[in-house]
Amino acid sequence: MFKIVVTTAALLCGGLLAGCQPGGAAGPEWRPGDAPRVMAASDIEAGRYIVATSGCNDCHTPLYARTGGAQPAEAEWLKGSPEPHTGPWGTSYGKNLRLTVAENTEDQWVQLLTTGSSMPPMPWPSVRNMSDYDKRAIYRYIKSLPGDRGQPAPAPLPPGVTPPGPPAR
Ligand code: HEC
């Protein structure tokens with residue numbers, strides 16, 4: 001009886017339920033041959049590490065790049081940025097990823113990071129190459145962030161329109 005239960009659980013987590021993959025303690029579940037992933041005490045910690053080291057904050061957190069990451073605190077991370085990115089495409093703003101996470105299921109988020117495209121300088125080609133484990137870890141981390149979700153980032157502007165400067169800090 002015990003054996004059957006264990007086998008069923010292993011089957012479910014091994015193949016059928018993708019949601020099992022990065023759940024709980026992320027490390028011990030990885031097996032040689034699996035896609036690469038960040039190992040951490042939990043998937044939320046893995047997501048935090050990826051966000052902190054992969055540049056997401058530079059463009060998606062208010063004025064993060066300009067202050068060298070000195071501000072704001074983690075409670076403000078990924079709430080979108082008023083920093084304009086202007087080029088031949090017009091002007092884009094790093095969107096509020098707290099809202100994106102709130103509006104999408106985890107599977108939709110994975111799909112978005114896998115197939116997404118938009119204006120520069122969002123590094124879609126790099127993000128696309130992350131393993132699904134890491135995409136899910138980012139989602140779970142963002143979902144775990146405390147505090148309000150903030151407001152949408154400014155709407156993009158078409159080419160030729162001069163954007164207003166970002167607020168001084
Ligand atoms: C160099 C700047 C930059 C970096 C670094 C960056 N982004 Fe972006 N990202 C953007 C911009 C700008 C947009 C909005 C583009 C537009 O409006 O067309 C965007 C859009 C997105 C979107 C679409 C949101 C939506 O609601 O449609 C997602 C998801 C996203 N980024 C995730 C990430 C993640 C995760 C990371 C870190 C691994 C990251 N970005 C790093 C600039 C960046």
Side-chain angles (χ1 to χ4, degrees), residues 18-19 21-23 26 30 35-40 42-167 169:
Q21 292 292 344
W30 189 88
R37 69 185 295 180
V38 166
M39 310 275 267
S42 69
D43 48 307
I44 289 176
E45 274 307 307
R48 182 175 190 275
Y49 175 80
I50 298 164
V51 165
T53 56
S54 301
C56 316
N57 275 320
D58 290 86
C59 297
H60 289 280
T61 295
L63 307 180
Y64 190 90
R66 203 135 48 94
T67 57
Q71 294 210 33
E74 190 171 358
E76 299 303 310
W77 284 14
L78 306 179
K79 285 187 176 178
S81 174
E83 192 85 57
H85 302 277
T86 304
W89 58 87
T91 298
S92 62
Y93 296 90
K95 291 192 173 175
N96 181 332
L97 298 184
R98 307 256 195 133
L99 295 177
T100 307
V101 159
E103 289 159 6
N104 286 276
T105 65
E106 189 172 303
D107 285 347
Q108 287 169 332
W109 169 265
V110 171
Q111 183 74 4
L112 176 60
L113 292 196
T114 306
T115 60
S117 70
S118 64
M119 284 188 271
M122 171 61 199
W124 289 112
S126 309
V127 170
R128 221 175 277 145
N129 286 334
M130 282 182 183
S131 66
D132 285 2
Y133 296 120
D134 289 350
K135 290 169 186 162
R136 289 183 187 280
I138 296 175
Y139 182 91
R140 292 175 185 200
Y141 167 66
I142 296 176
K143 197 145 208 179
S144 80
L145 282 167
D148 69 297
R149 293 175 187 144
Q151 301 302 312
L157 300 170
V161 176
T162 306
R169 188 131 201 147

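This chain uses plain numbering: 1 for the first residue, then up along the sequence. Order of appearance sets the numbers: ligands from 1, and atoms from 1 within every ligand. Since we're looking at a predicted model, the values are computed, not measured.
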Please lay out, stage by stage, how R37 and D134 fare under the test salt bridge (Lys or Arg N to Asp or Glu O under 4.0 Å).
CA-CA 6 Å; R37 69 185 295 180; D134 289 350; 5.3 Å; no

Region of L97 that comes within reach of ligand 1 [heavy atoms, distance under 4.0 Å]:
side chain

Looking only at protein heavy atoms, which one is nearest to atom 18 (O) of ligand 1, and what is the separation?
M119 N, 3.0 Å

Which ligand 1 atoms, with their elements, are less than 4.0 angstrom from a heavy-atom of L113?
29 (C)

Inspect the contact between K79 and D148 and indicate whether a charged nitrogen and a carboxylate oxygen are less than 4.0 angstrom apart.
yes

Are any of the N/O atoms on T100, whether in the backbone or the side chain, positioned under 3.5 angstrom from an N/O atom of ligand 1?
yes

What atoms of ligand 1 come within less than 4.0 Å of a heavy atom belonging to W124?
22 (C), 23 (C), 28 (C)

Can any side-chain N or O of S81 pair as donor or acceptor with the backbone N or O of H60 at less than 3.5 Å?
no

Within the side chain of Y141, is there an N or O that forms a donor-acceptor pair under 3.5 Å with the backbone of I50?
no

With rounding to 10 degrees, what does the angle H60:NE2 / atom 8 (Fe) of ligand 1 / M122:SD come to?
180°

Could you walk me through whether R48 and E74 pass the salt bridge (Lys or Arg N to Asp or Glu O under 4.0 Å) check?
CA-CA 10 Å; R48 182 175 190 275; E74 190 171 358; 2.8 Å; yes

Suppose we measure from atom 15 (C) of ligand 1 to each protein heavy atom; which comes out shortest, and what is that distance?
S118 OG, 3.4 Å

Does either side chain, that of W109 or that of T100, offer a donor lying less than 3.5 Å from an acceptor on the other one?
no

Mind checking whether N57 and V51 have side chains closer than 4.5 Å, heavy atoms only?
yes

Kindly indicate whether the side chain of L157, heavy atoms from C-beta on, has any atom under 4.5 Å from the side chain of Y93.
yes

With a cut-off of 4.0 Å, which atoms of ligand 1 are near a heavy atom of P121?
1 (C), 2 (C), 12 (C)

Any carboxylate oxygen within less than 4.0 angstrom of a Lys/Arg side-chain nitrogen, looking at D107 and K135?
no

Stepwise, does the side chain to side chain contact (heavy atoms under 4.5 Å, CB included) test hold for H85 with T91?
CA-CA 5 Å; H85 302 277; T91 298; 5.7 Å; no

Would you check whether C59 has a nitrogen or oxygen atom less than 3.5 angstrom from a nitrogen or oxygen atom of ligand 1?
no

Those atoms of ligand 1 less than 4.0 Å from some heavy atom in L112
29 (C)

When you measure from atom 6 (C) of ligand 1 to each heavy atom in P123, A155, S92, which option holds the nearest one?
P123

Which of the atoms of ligand 1 are close to Y93, meaning less than 4.0 Å from one of its heavy atoms?
11 (C), 12 (C), 13 (C), 14 (C)

So if I count the atoms of ligand 1 from 1 in the order they appear, which ones are less than 4.0 Å from some heavy atom of K95?
14 (C), 17 (O), 24 (C), 25 (C), 26 (O), 27 (O)

In the protein, which heavy atom is nearest to atom 34 (C) of ligand 1, and how far is it?
C56 SG, 3.6 Å

Among all the protein's non-hydrogen atoms, which is closest to atom 5 (C) of ligand 1, and how far away is it?
G55 O, 3.2 Å

Would you check if the side chain of N96 reaches a backbone N or O of Q151 as a donor-acceptor pair within less than 3.5 Å?
yes

Under 4.0 Å from a heavy atom of M130: give me the atoms of ligand 1 that qualify, with their elements.
38 (C)

For G94, is the nearest heavy atom under 4.0 Å from an atom of ligand 1?
yes

